[in-house]
Protein chains: 2
Amino acid sequence: MTAHPRDALKAWFLGPQAENAELLERLVVESLRDHVFWRRNYHPEDGVAIREIDKRQEGYEEAVGALTQGLMGLLAELKRDVPFFSGRYKGHMIGEQTLASQIGYFATMLYNPNNIALEISPVTTRLELEVAEQLARMIGYDPARHWGHLTSGGTIANFEALWLARGVRYLPVAAAGAAADLGLGLWVRLPTGGTAPLAELPLWELLNITNEMALDLWDRLWQSAPRADVRQALANHSLAAIGYQEYSRRLALDYGDPLPAGVVLVAATAHYSWEKIARALGIGSNQLLHVPVDGRFRMDPDALWDQVRGLAHRRQPILALVSVCGSTEESAVDRLDQVLQVRARAETDLGTTFHLHSDACYGGYAAAVLRRADGTRRSAVEIRELAGGDWPSDDWAQAIGALSQADSVTVDPHKMGYVPYAAGAILVRDGRARHLVATDPPYLSPVDRAETGTEQFLGRYILEGSKPGASAASVWLSHKVIPPDERGYGYLVERTVAGARRLHAALTAADLSPFRVITLPLPDINIVCYLLCHPSLTTLGAVNEFNERVYARLSLARSDQAPEYIVTRTRLRSPAYDGAIGPILDSLGVASLEEWKTSGTDGLVVLRSTVMDPFLAAESPASDHIGGLLGALRRAGAAALAPEEGFTRRS
Amino acid sequence: MTAHPRDALKAWFLGPQAENAELLERLVVESLRDHVFWRRNYHPEDGVAIREIDKRQEGYEEAVGALTQGLMGLLAELKRDVPFFSGRYKGHMIGEQTLASQIGYFATMLYNPNNIALEISPVTTRLELEVAEQLARMIGYDPARHWGHLTSGGTIANFEALWLARGVRYLPVAAAGAAADLGLGLWVRLPTGGTAPLAELPLWELLNITNEMALDLWDRLWQSAPRADVRQALANHSLAAIGYQEYSRRLALDYGDPLPAGVVLVAATAHYSWEKIARALGIGSNQLLHVPVDGRFRMDPDALWDQVRGLAHRRQPILALVSVCGSTEESAVDRLDQVLQVRARAETDLGTTFHLHSDACYGGYAAAVLRRADGTRRSAVEIRELAGGDWPSDDWAQAIGALSQADSVTVDPHKMGYVPYAAGAILVRDGRARHLVATDPPYLSPVDRAETGTEQFLGRYILEGSKPGASAASVWLSHKVIPPDERGYGYLVERTVAGARRLHAALTAADLSPFRVITLPLPDINIVCYLLCHPSLTTLGAVNEFNERVYARLSLARSDQAPEYIVTRTRLRSPAYDGAIGPILDSLGVASLEEWKTSGTDGLVVLRSTVMDPFLAAESPASDHIGGLLGALRRAGAAALAPEEGFTRRS
């Protein structure tokens, strides 16, 4: 592509007024007919199972009637669905889908391949691995070393990341046991630099071997003894086989060392699903330790260092650290480059290390901004000069660029990839880790077991089983039209950032008197948070209640009337947001930091607008949706102050 | 519907020769245009974001070109996909999709609702809960007590079942701790019948409270103290919060009782994903104990009783028992009615109990055979008299009917529900269990937390997060046209059973000399397993290798030529299949039971044909696919005996 993506963008989506309807219909019908004729060309000599005369039977006609009427009912109901496509939707992290993803999904769904195994998805398993490789290149992973695949979404992708991380963290313990069983003397490099015989390491040091060294141990074990013996020896000592209850007992017996339970550090802004994941994995939500955030909602590296040091002193192993790239509430991007420095320092100074995961489910596609078509990296200064603005900052580029150094990264194509649900992705920097969670299906022969790569049987390495090949084709076709680099998704992300910054500036400058708008800091990507206040509201509770009412008027779920604009809301709570709340409370002026800290689960309600609309920042938009939203906020505020008048039900 | 479903069936699918292509195209285009005009009618005053002049720009045209060419490339590649729709596909558990499910998915995908929360899926969250209720009624659950939802597939559904089960099994321990913290004196009913004060129960008895009594304790706790206090007290003592490592230590401290690790009993035929699940949950695959199967591949109730008794004597808690309804390799249906009797006896005689889960991912829809339109139950004798055959047996009806008594059941609409991936489902008999795994997202207010039901925020209670509302609409529309009772899915299942029985009879009677066909016992549903042998093959290894070669010739993944018919294969291994292998080995005559037992992971290779084709058993089929498959088997056998001749590559 040589033309500016500004023009291409107009062909990427159906459009808020379905401007590209003809194109979509033409390609949908083409895909459908193409499938129909594939069926007809497959052994036409087999003859028809459904004859024309069958279609004249009463039962046939009844069934067609039921289908048609059922569909009409469904279509009628869907009119109450949310207009994500519209410039008036400024709510959750969901927008339009790309035309390519819609068509790719539909075309492939007619074939219904199952990406659990190549045997039942000879085409789409390959597309899935191609897509994973494209995403890996986008974030800067070495495609030769990485491994990745699609999942049903971010939660499962994050689950797998922590599941893999646990396997790698405990691998040296299993390797030490297995090596002893097999009579092998293995040496291992320690994070502080020296090497030591595996057999002589105490438990604490075994749990602080870097991922790379741990996986090297794995390789060496398999090279040193017959496969069946290694398999058995590892099973005798791995947490996956033994289970936590027995494992804890054994460690205490073998090492006489009742270490405290392993923890997972997460940014305070991490998605609530991390709690789910820690619970389900048996790690326990108490072991999920939150790292405070700074004023921009990013993980505070100094606070992180303090926490890591404290844990090392208590000899509490860290299974993983979860950094966030695009927090779900405010699109904050952790300074991953600084987080990596903390880990490097922990390795050399404290001899402690951990798996570093970036939850980039929302923000991962921002890496496309930094990627040229030829795969090389763009610098922040270059982008700024080209666009003539002050975005992105050098810090931002360094934070996003550091994704390439994370041990695992999750990215959801069904968020900033603008594809239909369900499409998440997990990318692992050192692909060998996948072997630690492999499970063999019954029909694999011993030969298969040794040789079966990911491409043959994806189900062996992942949490899920049957999975839609259509989803892989959907992402694949979308990437084909909108490449995950500066020409495609990079431009798309840049547009939404520009839109969010424009909205943020307008909210900050707005005169909505008698209301005052308080904006949270400029977002790192494209989620703008703000709240309304009014002189009559003098307590935190009153402000919260008022903003909940404003939200109710600008929400389909809460409002009985069709809202002019649609926003959503979240709650900032103590202690997670202690590091960011000060200036907001100062500006609000109704509660002190102490009062906020004791507000418990009430916290502070803020309104939240995700800008996924790529047209908001257009030079000459057809509709001024920023002005429109400001007007709607003022009217919602007025109605919320006088609820008995403003909230009449439609008859 | 009054007409016989025989005629309706012809309108349920696109058809092997795309006989219903016009119908599908009409409704797909209708759905698309309906969506297009919805967009145009939503604030038409907003104007267009994509002008006609934009479509004349070079960049726009390039993007359309990239999309069209990319799609053509995808469609060309998909020609190498698997013809699941054809009568020639007799392989994995996948067939056609219903027209309704294809159209429902596509129509809703254009809206892309996200069933994580009602706010972004006001229509489809409700459809999902309706579908779950329909499935619950199908298996005989009380809709007022049950809870259920859709998942991305069977593995996640089964994962959730065991996750919930663990929560319920450990609940009495948490409740005892919480009650002590809160100063409450609670009594509980024991499985042997008496009641006892919770505070005085030893650990073993706390881990052997029935699910219902455990959930009653839960209710009573919440009724007895302020919510915030109960929440905190439960968190102080629940495995989910504490995690296994700390929990094990505490139990040993509090109860001075180092019980062995909790186990999960699974039928030996259980899907390999149970190993994945046990590993991921931290239970450990060593704690997965396999219950031997009988000659029909069904869990042996006597062997189960011996195992339960042995575990009780060793005071090893049983977290759950997984029974199978429709094993993935041979569609065997456990005698769940007898399994329930074993549990009842364990409760009264041994004072031990457990969560009883039925993995009916494959076979669950068979329950529709037993269900009338009015919801009442049909008897086996009634069905036999109506159809004039010997199917189903009384035993079969009792086994399937007993699903209503399982604590949880998983059913995959994307298997015998004939809908596109991804659609699994979990159904829980006592819906209160969902509260044990609930996780709160940040924006819920304290009021929301107390009141938010499943319908408001599904993501709170499930493992996954974002999930496609399109999948729910797809199943919903399919159920609308093909009800999950005798008129719809019941008839469909009956047709495939009839097809499988016809194929089984033909294989058993076939003269394929010089080859001999050995059939495994008549399947409980519709998966037929068999193998070929030849006088020149005199060892197990030779027979296995030969059948692998036959498979290679009848498989797209292994064959370089387009196979005439497509089958798949599996391996029966010792000890899982010890109870079923005897007659097969006798018939084969090349190896003794002892030789087989030492064959390790080689086991016995059997060919496997799933009959999901509803037209195979038609009275006057257009094509004789049974005769066709027999001929193809003979030719594949001949080629497999002389590989150098028969396996030439296409140039």
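Predicted, not measured: the structure shown is a model, and the values here were computed from it. Lettering follows sequence order; numbering is per chain, from 1.
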Exercise. Checking heavy atoms, do the side chain of B:A49, its backbone, both or neither come under 4.5 Å from chain A?
Worked result: both

Seminar exercise, completed: Max heavy-atom pairs within cutoff under 4.5 Å with chain B, candidates A:A473, A:G284, A:A235, A:P621, goes to A:G284

For this session: With a 4.5 angstrom heavy-atom cut-off, could you sort out which part of B:Y111 is near chain A: side chain, backbone, both or neither?
Result: both

Exercise. Heavy-atom distance under 4.5 Å to chain B: side chain of A:K467, backbone, both or neither?
Worked result: backbone

Problem set entry | Part of A:L477 within contact of chain B (heavy atom distance under 4.5 Å) | side chain

Exercise. Top residue by heavy-atom pair count (under 4.5 Å) with chain B, among A:F37, A:W476, A:Y105?
Worked result: A:Y105

Problem set entry | Partner of B:Y421 under side chain to side chain contact (heavy atoms under 4.5 Å, CB included), chosen from A:P468, A:S152, A:P113, A:S471 | A:P468

Problem set entry | Proximity breakdown for A:R6 and chain B, heavy-atom pairs closer than 4.5 Å | neither

For this session: With a 4.5 angstrom heavy-atom cut-off, could you sort out which part of B:H271 is near chain A: side chain, backbone, both or neither?
Result: neither

For this session: Report the relative orientation of the aromatic rings in A:F85 and B:H35; use parallel for angles under 30°, tilted for 30 to 60°, perpendicular for over 60°.
Result: perpendicular

Problem set entry | Point-to-point distance, once rounded to the nearest 0.5 Å, from OG of B:S466 to CG of A:D412 | 7.0 Å

Exercise. What part of A:A280 is in contact with chain B, defined as an atom under 4.5 angstrom from a non-hydrogen atom: side chain, backbone, both or neither?
Worked result: both

Exercise. Which one of A:L118, A:V123, A:T155, A:L110 has the most heavy-atom pairs closer than 4.5 Å to chain B?
Worked result: A:V123

Problem set entry | B:S86, part contacting chain A, at a heavy-atom distance under 4.5 Å | side chain

Seminar exercise, completed: The interface call for B:V36 against chain A, heavy-atom contacts under 4.5 Å, is both

Seminar exercise, completed: Residues A:Q97 and B:M109: closest non-hydrogen pair is OE1-O, 4.2 Å

Exercise. So, do B:L14 and A:R39 sit near enough that their side-chain heavy atoms are less than 4.5 Å apart?
Worked result: yes

Seminar exercise, completed: Pair count under 4.5 Å, heavy atoms only, with chain B: among A:P420, A:G153, A:G262, A:G424, highest is A:P420

For this session: Would you mind checking which part of A:A100 comes under 4.5 Å of any heavy atom in chain B, side chain (CB onward), backbone (N, CA, C, O), both or neither?
Result: both

For this session: Decide yes or no for B:W38 and A:P83: does some side-chain heavy atom of the first lie under 4.5 Å from some side-chain heavy atom of the second?
Result: yes

Exercise. Does the side chain of A:E119 come within less than 4.5 Å of B:H92's, by heavy atoms?
Worked result: yes

Exercise. Is any side-chain heavy atom of A:R88 less than 4.5 Å from a side-chain heavy atom of B:Y42?
Worked result: yes

Exercise. Can you tell if the side chain of B:L9 reaches within under 4.5 Å of the side chain of A:Y60, non-hydrogen atoms only?
Worked result: no

For this session: Can you tell which part of A:L24 gets under 4.5 Å to a heavy atom of chain B, answering side chain, backbone, both or neither?
Result: both

Exercise. Is there side-chain contact between A:N112 and B:D81, with at least one heavy-atom pair below 4.5 Å?
Worked result: no

For this session: Please look at B:P5 and chain A and tell me whether the side chain, the backbone, both or neither of the residue comes under 4.5 angstrom of a heavy atom of that chain.
Result: neither

For this session: Using non-hydrogen atoms and a 4.5 Å limit, figure out which bit of B:L67 sits close to chain A: side chain, backbone, both or neither.
Result: both

For this session: Give, as side chain, backbone, both or neither, the part of B:I94 having an atom under 4.5 angstrom from any heavy atom of chain A.
Result: side chain

Problem set entry | Shortest non-hydrogen contact from B:V481 toward A:A63 | CG1-O, 4.0 Å

Problem set entry | Contact winner vs chain A - B:A278, B:A422, B:G465, B:P122, heavy-atom pairs under 4.5 Å | B:P122

Problem set entry | Side chain / backbone / both / neither for A:I242 at chain B, heavy atoms under 4.5 Å | both

Problem set entry | Heavy-atom proximity to chain A below 4.5 Å, by part of B:A618 | neither

Problem set entry | Taking every non-hydrogen atom, the tightest pair across B:R40 and A:A21 | NH2-CB, 3.6 Å

Exercise. Do the charged groups of B:K480 and A:E77 touch, with an N to O distance under 4.0 Å?
Worked result: no

Problem set entry | Per-residue contact mode, B:Q102 against chain A (heavy atom under 4.5 angstrom) | both

Problem set entry | A:Q57 and B:K10, any side-chain heavy atoms less than 4.5 Å apart | no

For this session: Between chain A and each of B:A261, B:G104, B:S248, count heavy-atom pairs under 4.5 Å; write down the option with the most.
Result: B:A261

Problem set entry | 4.5 Å side-chain heavy-atom contact, A:V437 and B:R279 | no

Seminar exercise, completed: When the 4.5 angstrom heavy-atom criterion is applied to A:V28 and chain B, the contacting part is side chain

Exercise. Taking the six-membered ring for Trp, is the centroid-to-centroid distance between A:Y247 and B:Y244 below 6.0 Å?
Worked result: no

Exercise. Who wins among A:L23, A:L99, A:L281, A:I283 for the most heavy-atom pairs under 4.5 Å with chain B?
Worked result: A:L281

For this session: Heavy-atom distances under 4.5 Å only: say whether A:V29 touches chain B with side chain, backbone, both or neither.
Result: side chain

Exercise. Is it the side chain or the backbone of A:E25 that comes within 4.5 Å of chain B heavy atoms, both, or neither?
Worked result: both

Problem set entry | Interface residue of largest heavy-atom contact number with chain B, from A:L75, A:V82, A:V64, under 4.5 Å | A:L75

Problem set entry | B:L27 versus chain A, the contacting section by heavy-atom distance below 4.5 Å | both

Problem set entry | CA sep, side-chain torsions, deciding dist, call: B:T439, A:S273, side chain to side chain contact (heavy atoms under 4.5 Å, CB included) | CA-CA 8 Å; B:T439 312; A:S273 60; over 6 Å; no

Exercise. Non-hydrogen atoms of chain A under 4.5 Å away: do they reach the side chain of B:I156, the backbone, both or neither?
Worked result: side chain

